[in-house]
Amino acid sequence: MPFKRPRPNPTQGGPNSESSSSRPLPAKQTKTSTAKGLPDMKIYIVQAKLDAESIATLTGLAERHSGVCRNAEDAEVLITAVSMRRRLERHVPWEIAKTKAVVTPQWLRDSIEHGGPLPCDDYVAIGDLHETTVQHCPDCNCKPCGCSDDSPSPTPPTSPRPRTAELSSSPTSLSAASVPEPAERAVYVPENLLPPDPPIPTKLETLDYTSRYACQRPAPLVCVNQSLVRELDTIRHSRWLEGEDRSALSYERAASVIKAYPHKIRSLAQVVKLPFIGTKIGGLIEQYLNTGTILEAETIKGSERFQTLSLFASIYGIGPSTARRLYDLNLRTLEDLEIYYGVERDDVGRQSQIVEVEEKPQHPRWMRGQRAADDGLGDSWIRVALGLREDLAKRIPRAEVEEMGRVVITELNDLKPGCVSTIVGGYRRGKRESNDVDIVFTHPDASKVKGLCKSLVRRLHERGMVTHVMHLSSFHTHDPLRLHHWDNLEKALTVFILPPTSPFYDGTRRRLDLIFASPEVYWTAVIGWTGSIMFQRDIRQWAKDKLGMKFDSSGITRRYDSKEFYPKTEKEVFELFGLQWVDPTWRNADL
DNA sequence: AAAAG
């Protein structure tokens with residue numbers, strides 16, 4: 001597909017499609033991120049040992065989500081990176097510090113993610129202030145789930161009132177000429193493709209945090225034992241980088257179970273009975289309870305090898321194996337990689353040029369076989385990804401995720417009126433900021449879905465919004481050697497940039513994944529792509545173990561007779577499997 | 001081998 005340099009297209013705000021779909025039009029402007037994540041607390045940030053950028057970031061977070069004050073005396077919470085008493089005393093009188101919760105910057109970040117003040121004892125900044133910090137911690141000391149939604153009526157609204165998508169006759173007068181769909185003003189969108197109107201409450205009491213299956217354990221975005229989970233995850237990550245997948249999985253499982261454990265862990269006895277906590281990990285937890293850390297995790301974090309492998313594997317296209325190979329070549333920094341891969345530094349930099357990355361990139365003949373390194377997978381992706389890494393490393397705030405969704409669905413509806421979409425991934429699980437944006441699409445008319453992915457990508461490309469296509473696949477990518485389970489949905493993994501007319505435009509490139517499912521498998525696709533990884537994997541495991549069914553994002557099949565199932569809603573998928581409904585925000589089984 | 005969750 002030879003794409004030409006496009007002209008950016010003015011895309012006005014577009015209809016609201018927030019997390020859900022191109023609903024008709026009742027633009028109910030939901031609560032935007034104006035709501036503060038934390039109650040209005042007075043936070044004081046001790047600047048010592050923080051660089052200017054961190055100070056700015058933390059202050060910004062505190063201002064947006066809670067409140068800051070200018071001197072320590074007036075504050076309830078002191079945030080500091082200092083860990084030694086004597087050093088803190090140079091900035092805050094000890095008598096005052098003793099009357100506050102004195103915590104690390106991580107407490108603020110995690111509490112914001114969590115949506116409320118977390119218990120402080122994992123975040124105590126100064127050892128001598130442990131007790132007073134816990135005493136003055138603003139966490140409400142109520143159980144994490146105490147209140148909220150366990151209302152008696154489990155029945156979803158079954159108002160059969162059909163909704164009609166009066167397709168916002170695309171506001172762009174420019175593109176009106178190229179509407180390929182003839183005279184179709186309104187498309188009937190069946191109720192079941194839209195999100196349930198009052199959302200379905202999660203009945204936490206019917207779930208079971210001791211279950212062996214992550215899909216039965218409600219796991220919040222940030223849990224009360226988050227720093228323990230983080231330690232275990234460090235070991236997991238290291239194992240994964242080293243190619244020790246079995247070991248990595250053990251740590252992943254353990255971390256996942258703890259993520260769902262609703263109480264602050266104070267003794268080993270509380271958790272030894274939990275699934276996947278054996279003697280090995282039990283020992284590590286004990287160590288953690290005694291010392292506040294896990295020695296191996298700390299050692300790993302300090303090792304050059306781990307830091308380097310992590311850095312390399314954070315680049316799109318570089319996995320554990322390649323990272324290790326590069327390390328063995330004595331490469332250590334991204335600059336080393338740039339030289340190795342031959343990236344001209346400013347070339348991909350700020351110029352907005354359009355690059356089509358081939359699915360199977362070819363080297364020029366003279367290069368082939370030269371480098372035994374990249375057999376099979378060419379390195380053009382990696383060159384591109386290296387050039388984009390600064391942008392791609394930036395996190396995307398929810399509001400911008402929503403804007404991207406609006407822009408994309410607007411384009412799609414110009415192309416094919418009546419499409420429905422859900423923004424999935426971490427966004428749907430409630431993350432305040434995402435690494436990338438994943439959107440699942442369908443159309444009520446199954447016959448219209450085929451080929452849509454490619455058309456949409458082309459259109460976004462022409463409009464200058466998709467700058468790179470890392471991967472484009474279709475239903476019929478007949479893949480005889482199915483390595484792992486990659487669904488066979490139409491999907492495009494792209495690099496996206498908002499049009500300059502967007503109020504959110506700042507020139508940052510973002511990873512955007514577009515997934516197209518036929519309407520019968522729309523909700524299985526949505527579930528699969530909502531994650532988390534563990535949650536999804538255990539739904540698959542559950543379906544296999546308990547029902548002899550095969551579940552993945554592209555459908556549900558009974559194994560013995562290959563009968564296919566098409567649950568009409570997300571809730572029905574849970575029901576089919578005999579699982580209780582778990583809201584996406586409780587599917588954070590993965591750290 | 002890698003990519004998504």
Side-chain angles (χ1 to χ4, degrees), chain A residues 214-215 219 221 236 240-243 245 248-249 252 256 259 309 312-328 357-361 371-386 388 392 422-431 434-441 453 468-474 477 479 481-496 510-517 523-541 551-554 570 582 584-585 587-591:
Chain A
C215 50
L221 197 55
R236 190 226 94 225
W240 176 73
L241 289 168
E242 298 296 356
D245 290 6
L249 187 57
E252 197 178 354
S256 176
K259 190 79 193 293
L309 293 180
F312 289 178
S314 72
I315 309 278
Y316 185 96
I318 299 181
S321 173
T322 308
R324 292 195 301 268
R325 205 191 66 226
L326 297 167
Y327 187 88
D328 291 343
V357 183
E358 291 295 325
E359 194 164 336
K360 281 278 191 257
R371 239 186 254 171
D374 43 356
D375 25 14
L377 167 116
D379 51 13
S380 35
W381 295 1
I382 298 179
R383 265 202 298 283
V384 172
L386 272 172
L388 293 171
L392 300 191
T422 303
I423 304 178
V424 289
Y427 170 86
R428 189 159 185 254
R429 298 199 306 274
K431 286 180 72 170
S434 305
N435 300 311
D436 66 355
V437 177
D438 312 297
I439 312 179
V440 177
F441 302 92
C453 184
H468 306 259
V469 183
M470 313 299 265
H471 175 95
L472 194 66
S473 71
S474 53
T477 316
D479 188 10
L481 26 78
R482 48 192 315 282
L483 304 146
H484 283 311
H485 6 255
W486 255 64
D487 54 49
N488 60 340
L489 299 165
E490 278 192 0
K491 56 179 171 288
L493 315 185
T494 73
V495 177
F496 177 91
R510 308 296 200 179
R511 282 274 296 105
L512 170 68
D513 295 339
L514 308 168
I515 300 97
F516 285 78
W523 289 112
T524 61
V526 168
I527 288 183
W529 282 77
T530 296
S532 65
I533 295 173
M534 251 299 164
F535 190 91
Q536 200 234 87
R537 174 192 295 158
D538 278 359
I539 290 185
R540 182 183 310 141
Q541 195 66 43
F551 167 90
D552 71 46
S553 320
S554 48
E570 189 174 19
V582 180
T585 54
R587 298 181 198 169
N588 290 287
D590 277 329
L591 169 126

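Below, read A as the first sequence line, B as the second, and so on, with proteins coming before strands; counting in each chain starts at 1. Heavy-atom basis, side chains included; hydrogens, waters and symmetry copies ignored. The model shown is predicted, which means the values in this text are computed figures rather than measured ones.
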Colleague: Determine the interplanar angle of the H471(A) and W381(A) rings, folded into 0 to 90°, and report it as parallel if under 30°, tilted if 30 to 60°, perpendicular if over 60°.
Modeller: perpendicular
Colleague: Could you give the CZ-to-P distance, from R428(A) to dA4(B), as a whole number of Å?
Modeller: 20 Å
Colleague: Under 4.0 Å, heavy atoms only, any strand: does D590(A) hit a base, just the sugar-phosphate, or nothing?
Modeller: nothing
Colleague: Would you classify R587(A) as touching base, sugar-phosphate or nothing, given that sugar-phosphate means primed atoms plus P, OP1 and OP2, and contacts are heavy atoms under 4.0 Å?
Modeller: nothing
Colleague: Rounded to the Å, how far apart are E252(A) CD and dG5(B) C1'?
Modeller: 11 Å
Colleague: Listed by chain and number, what are the side chain to side chain contact (heavy atoms under 4.5 Å, CB included) partners of L249(A), not counting sequence neighbours?
Modeller: E252(A), R253(A), M534(A), R537(A)
Colleague: Figure out the CD1/C1' separation between I318(A) and dA3(B), and round it to whole Å.
Modeller: 13 Å
Colleague: Under 4.0 angstrom, heavy atoms only, what part of the nucleic acid is R324(A) near: base, sugar-phosphate, or nothing?
Modeller: nothing
Colleague: Please pick, from dA2(B), dG5(B), dA3(B), the nucleotide with the shortest atom-to-atom distance to any side-chain atom of S321(A).
Modeller: dA2(B)
Colleague: Going by the rule side chain to side chain contact (heavy atoms under 4.5 Å, CB included), which residues pair with N435(A) if we only count those two or more places apart in sequence or in a different chain?
Modeller: R395(A), K431(A)
Colleague: Within this structure, what is the NZ-to-C1' distance between K491(A) and dA2(B), rounded to whole angstrom?
Modeller: 13 Å
Colleague: Starting at atom CD of Q536(A), determine the distance to atom P of dG5(B), rounded to an integer number of angstrom.
Modeller: 10 Å
Colleague: Within less than 4.0 Å of OP1 or OP2 of dG5(B), is there a side-chain N or O belonging to R540(A)?
Modeller: no
Colleague: Whole angstroms only, please: what is the CH2-C1' distance between W529(A) and dA3(B)?
Modeller: 8 Å
Colleague: Under 3.5 Å, is there a donor-acceptor pair linking the side chains of T530(A) and R428(A)?
Modeller: yes
Colleague: I need the CD1-P distance between I439(A) and dG5(B), as an integer number of Å.
Modeller: 13 Å
Colleague: Which part of the nucleic acid, if any, lies within contact of Y316(A), taking any heavy atom under 4.0 Å across all strands shown: a base, the sugar-phosphate backbone alone, or nothing?
Modeller: sugar-phosphate
Colleague: In whole angstrom, give the distance that lies between atom CG of L249(A) and atom P of dG5(B).
Modeller: 18 Å
Colleague: Within less than 4.0 Å of OP1 or OP2 of dA2(B), is there a side-chain N or O belonging to T322(A)?
Modeller: yes
Colleague: Closest approach to the side chain of L493(A), judged atom by atom: which nucleotide of dA3(B), dA2(B), dG5(B) is it?
Modeller: dA3(B)
Colleague: Report yes or no: does E570(A) contribute a side-chain atom to a donor-acceptor pair with the main-chain N or O of W523(A) at less than 3.5 Å?
Modeller: no
